[in-house]
Student: 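Submitted below is the structure of interest, expressed as C-alpha cells.
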Amino acid sequence: MSVVGARPNFMKIAPIAKAIKKQKGIKHIIVHTGQHYDEKMSDSFFRQLGIPKPNINLEVGSGTHAIQTAEIMKRFEPVCEEHMPDVVLVVGDVNSTLACTIVAKKLWIPAVHVEAGLRSFDRHMPEEINRIVTDCLCDVFFTTSPEAITYLQNEGTPKNRIFYVGNVMVDTLMGNVEKAKRSKIAKILNVKKGEYALVTLHRPSNVDIQESLINLVKALMDIQNKIKVVFPVHPRTIKNIKRYINREELASMHNVMFLDPLGYIDFLNLTMNAKFVLTDSGGIQEETTVLGVPCLTARENTERPITITEGTNVLVGTKTQRIISETNKILRGKFKKGKQPKYWDGKASERIVAILMRLYKQGKLERCA
Ligand code: UD1
C-alpha cells in the first residue's frame with residue numbers, strides 16, 4: 001500500500017507504481033490522503049504522469065498541522081485494518097507521510113520510507129519534524145544521497161536496512177523530458193530559452209511571515225527590471241501576497257507573470273529553458289541539478305546538500321540584497337557548473353521494487369505479530 005498526499009508526492013509515486021506493475025504478482029493499493037485536492041495541485045499530476053487512480057481517497061483537505069495529521073490518521077487506520085497490507089510505502093516529508101507511518105507502525109505493519117535520511121537540521125520546518133519521526137519509525141530506508149546514510153546511522157538506524165538507490169524524482173523527470181520539450185507553454189507565455197527567470201515560493205517561513213514575503217517581493221521587483229519573471233503561485237502564497245503586499249506595488253511589476261500552479265510537463269519545460277530558477281522548494285533544487293540549470297534557493301539551509309556540493313544549487317537566504325547580487329552574477333554569466341549525483345539515472349524505482357521483493361522473500365518484511 002502506497003500513500004500520497006501532497007503535490008511533491010505524486011512525481012515520486014508515479015515511477016514506483018510503474019515499477020511495481022512490471023513486477024508480476026504484487027497487489028498495489030494507492031491511498032490518496034487528499035491533503036492536496038485542487039485540480040491543479042493534484043488531479044493534473046495523476047493524468048499527466050499516468051499514475052493509477054487512487055484506490056482510496058481519504059479526502060482530508062486542509063487544516064492546521066495537528067488537525068490535518070490527526071484527520072489523516074483517523075481515516076487511514078480503518079483502511080489499514082481492512083486491507084492489512086504487507087507493507088506501507090511512504091514518500092517524502094509531508095504531513096501525510098508522517099501520519100500514515102505512525103498508523104502503520106501501531107498496527108505492526110512494516111513501513112518503508114522513500115527519500116529517507118534527508119535533514120535540514122532546522123526544526124522550524126514542519127517537514128524536518130516529519131522526516132525525523134518517519135525515519136525513527138520505519139523499517140526500510142531508501143536514500144537519494146550518501147550523506148543521508150550517515151544521518152540515519154547517526155540516529156541509530158541499522159546499516160542493513162538502508163539502501164542508497166538514487167532519486168525517484170529523477171526517474172519521473174527523465175521519463176518526461178521528451179514530452180516536456182513539446183510543451184507549448186513557452187509560446188503561450190511568450191518567453192524564450194534563457195530569457196526568463198522561473199520563480200516558486202511556498203515555504204511557511206518565507207510566505208506566511210509578512211517581513212520575509214516583503215523582502216522576497218522586493219528582490220523580484222529588482223530582478224524583473226533585468227529579466228522576465230515567470231511565477232506560478234502556490235495557493236498558500238497567493239493568499240499571503242494579497243494580504244501583505246501593496247496593490248500598487250504588485251501592479252507596478254510589469255515584467256512578472258503571476259500564474260496559477262502549473263502541471264508537471266509545462267513546469268518541466270519552463271525549468272529546462274530558464275536562465276535560472278529562484279525557489280524555496282526541495283524537489284526543484286534536485287530537478288535543476290539534473291537539468292544543469294542554475295538554482296538560487298531562498299532558504300538558509302537545505303536538506304539536500306548534494307545539490308550544492310555536486311549540483312547547480314546555491315543557498316541565497318531571504319535577504320533582498322543577497323538574492324539580487326546572486327542574480328546579477330548569473331546575468332553576468334558567472335555560475336558554477338554542476339554534475340549529476342550517482343544513481344540519479346532514472347532507475348531508482350526499479351531498484352526499490354527489486355530490493356523490497358528480495359526482503360519480502362527473505363522474510364525480512366514480516367508483520368511483527
Ligand atoms: C505541503 C507540504 C510541503 C510541500 C508542499 C508542496 C506539509 C507539512 N507541507 O505544504 O512539504 O512542499 O505541500 O505544495 O505537509 N491549498 C489549496 N489547494 C490544495 C491544497 C492546499 O488551496 O489543493 C491551500 C489551502 O489553503 C491550505 C494551503 O494551501 O491551507 C496549504 O496547504 P497544506 O497542505 O497545508 O501545505 P502546503 O503549504 O501545500
Side-chain angles (χ1 to χ4, degrees), residues 3-13 31-47 49 54 57-73 75-76 90-102 113-116 118-120 122-135 169 172 199-209 212-213 216 231-244 258-264 267 277 279-287 295 297-299 301-304 307:
V3 174
V4 288
R7 187 169 60 176
N9 293 162
F10 306 136
M11 34 295 219
K12 291 170 194 163
I13 223 63
V31 178
H32 190 332
T33 64
Q35 178 174 344
H36 284 176
Y37 42 83
D38 282 350
E39 151 69 27
K40 287 181 173 145
M41 297 294 285
S42 176
D43 295 2
S44 87
F45 291 84
F46 279 79
R47 268 200 318 279
L49 302 178
N57 193 324
L58 305 178
E59 294 179 347
V60 294
S62 304
T64 64
H65 284 272
I67 289 174
Q68 189 174 60
T69 307
E71 205 53 52
I72 297 169
M73 289 177 69
R75 298 183 193 196
F76 188 57
V90 297
V91 295
D93 54 15
V94 301
N95 288 343
S96 304
T97 314
L98 164 79
C100 294
T101 303
I102 296 176
H113 188 198
V114 174
E115 210 182 65
L118 296 187
R119 295 290 180 270
S120 65
D122 175 2
R123 292 196 183 187
H124 295 109
M125 281 180 82
E127 293 82 3
E128 183 72 354
I129 312 279
N130 294 345
R131 292 178 199 122
I132 293 168
V133 179
T134 301
D135 285 340
M169 291 261 295
T172 297
V199 174
T200 81
L201 298 166
H202 77 281
R203 291 272 149 233
S205 57
N206 283 344
V207 302
D208 291 1
I209 300 167
S212 311
L213 189 60
L216 289 161
F231 185 4
V233 195
H234 186 281
R236 165 199 286 292
T237 310
I238 200 70
K239 265 189 216 160
N240 290 324
I241 286 181
K242 285 180 184 158
R243 199 158 136 209
Y244 294 139
F258 292 96
L259 311 175
D260 280 345
L262 290 169
Y264 184 82
F267 190 79
V277 177
T279 188
D280 58 9
S281 147
I284 295 170
Q285 297 171 51
E286 300 181 332
E287 289 165 340
C295 179
T297 296
R299 286 174 47 190
N301 51 53
T302 178
E303 62 290 337
R304 293 162 161 94
T307 60

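In listed order, ligands and their atoms are each counted from 1.
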Student: Among all protein heavy atoms, pick out the one at the shortest distance from atom 18 (N) of ligand 1; state its residue, atom name and that distance to 0.1 Å.
Tutor: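 Here the nearest protein heavy atom works out to Asp38 OD2, 2.9 Å.
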
Student: What do you reckon, does Lys239 put a non-hydrogen atom under 4.0 Å from ligand 1?
Tutor: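 Yes, Lys239 has heavy atoms under 4.0 Å from ligand 1.
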
Student: List ligand 1 atoms under 4.0 Å from His202, heavy atoms only on the residue side.
Tutor: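 Under 4.0 Å from His202, ligand 1 has these atoms: 4 (C), 5 (C), 6 (C), 12 (O).
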
Student: Could you check whether any side-chain heavy atom of Ile284 comes within less than 4.5 Å of a side-chain heavy atom of Phe267, counting everything from C-beta outward?
Tutor: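 Yes, close enough: below the 4.5 Å cut-off.
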
Student: May I ask you to identify, for Pro204, whether its side chain, its backbone, both or neither come under 4.0 Å of ligand 1 on a heavy-atom basis?
Tutor: neither

Student: Heavy atoms, side chains only, cut-off 4.5 Å: are Cys100 and Thr33 in contact?
Tutor: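 Answer yes - side chains close enough.
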
Student: Tell me the protein heavy atom at minimum distance from atom 2 (C) of ligand 1, and give that distance in Å.
Tutor: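 Checked against all protein heavy atoms, atom 2 (C) of ligand 1 sits closest to Val94 CG1, 3.7 Å.
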
Student: How far is atom 27 (C) of ligand 1 from its nearest protein heavy atom, and which residue and atom name does that atom have?
Tutor: Ser62 OG, 3.2 Å

Student: Identify the protein heavy atom lying closest to atom 28 (C) of ligand 1, giving its residue, its atom name and the separation to 0.1 Å.
Tutor: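 Nearest neighbour among protein heavy atoms for atom 28 (C) of ligand 1, to 0.1 Å: Arg236 CB, 4.3 Å.
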
Student: In terms of atom number and element, which parts of ligand 1 are under 4.0 angstrom from non-hydrogen atoms of Met41?
Tutor: 14 (O), 19 (C), 23 (O)

Student: Can you find an N or O of Asn130 that's nearer than 3.5 Å to an N or O of ligand 1?
Tutor: no

Student: Could you tell me whether the side chain of Ser96 reaches within less than 4.5 Å of the side chain of Val4, counting heavy atoms only?
Tutor: no

Student: Test of understanding: given a 4.0 Å heavy-atom threshold, classify the contact between Glu127 and ligand 1 as side chain, backbone, both, or neither.
Tutor: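 Side chain only.
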
Student: Which residue and atom name correspond to the protein heavy atom nearest atom 8 (C) of ligand 1, and how close is it?
Tutor: Asn95 OD1, 3.2 Å

Student: Could you pull out all residues at least two apart from Lys239 that satisfy side-chain hydrogen bond (donor to acceptor under 3.5 Å, both in side chains)?
Tutor: none

Student: Is it true that Arg75 and Glu71 have a side-chain N and a carboxylate O under 4.0 angstrom from each other?
Tutor: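 A salt bridge links Arg75 with Glu71.
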
Student: Using 30° and 60° as the class boundaries, would you call the ring planes of Phe46 and His32 parallel, tilted or perpendicular?
Tutor: parallel

Student: Among all the protein's non-hydrogen atoms, which is closest to atom 17 (C) of ligand 1, and how far away is it?
Tutor: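 Sorting protein heavy atoms by distance from atom 17 (C) of ligand 1 puts Tyr37 OH, 3.3 Å first.
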
Student: Within this structure, what is the CE-CG distance for the pair Met125 and Asn130, rounded to the nearest 0.5 Å?
Tutor: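 Answer for the CE-CG pair, Met125 versus Asn130, is 10.0 Å.
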
Student: Check if Pro8 has a non-hydrogen atom at a distance under 4.0 Å from any atom of ligand 1.
Tutor: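 Yes, Pro8 has heavy atoms under 4.0 Å from ligand 1.
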
Student: Report yes if some heavy atom in the side chain of Ile13 is under 4.5 Å from a heavy atom in the side chain of Val91; otherwise report no.
Tutor: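 Yes - at least one pair of side-chain heavy atoms lies under 4.5 Å apart.
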
Student: What residue and atom, counting heavy atoms only, is the protein's closest point to atom 24 (C) of ligand 1, and at what distance?
Tutor: Pro235 CB, 3.7 Å

Student: Angle between ring planes, Phe45 versus Tyr264, binned at 30° and 60°: parallel, tilted or perpendicular?
Tutor: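 Perpendicular, since the angle between the ring planes exceeds 60°.
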
Student: With sequence neighbours left out, what residues match Arg299 under side-chain hydrogen bond (donor to acceptor under 3.5 Å, both in side chains)?
Tutor: Asn301, Glu303

Student: Does an N or O anywhere in His65 fall below 3.5 Å from an N or O of ligand 1?
Tutor: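 No.
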
Student: Among all protein non-hydrogen atoms, which one is nearest to atom 20 (C) of ligand 1, and what is the separation to 0.1 Å?
Tutor: His36 CD2, 3.2 Å

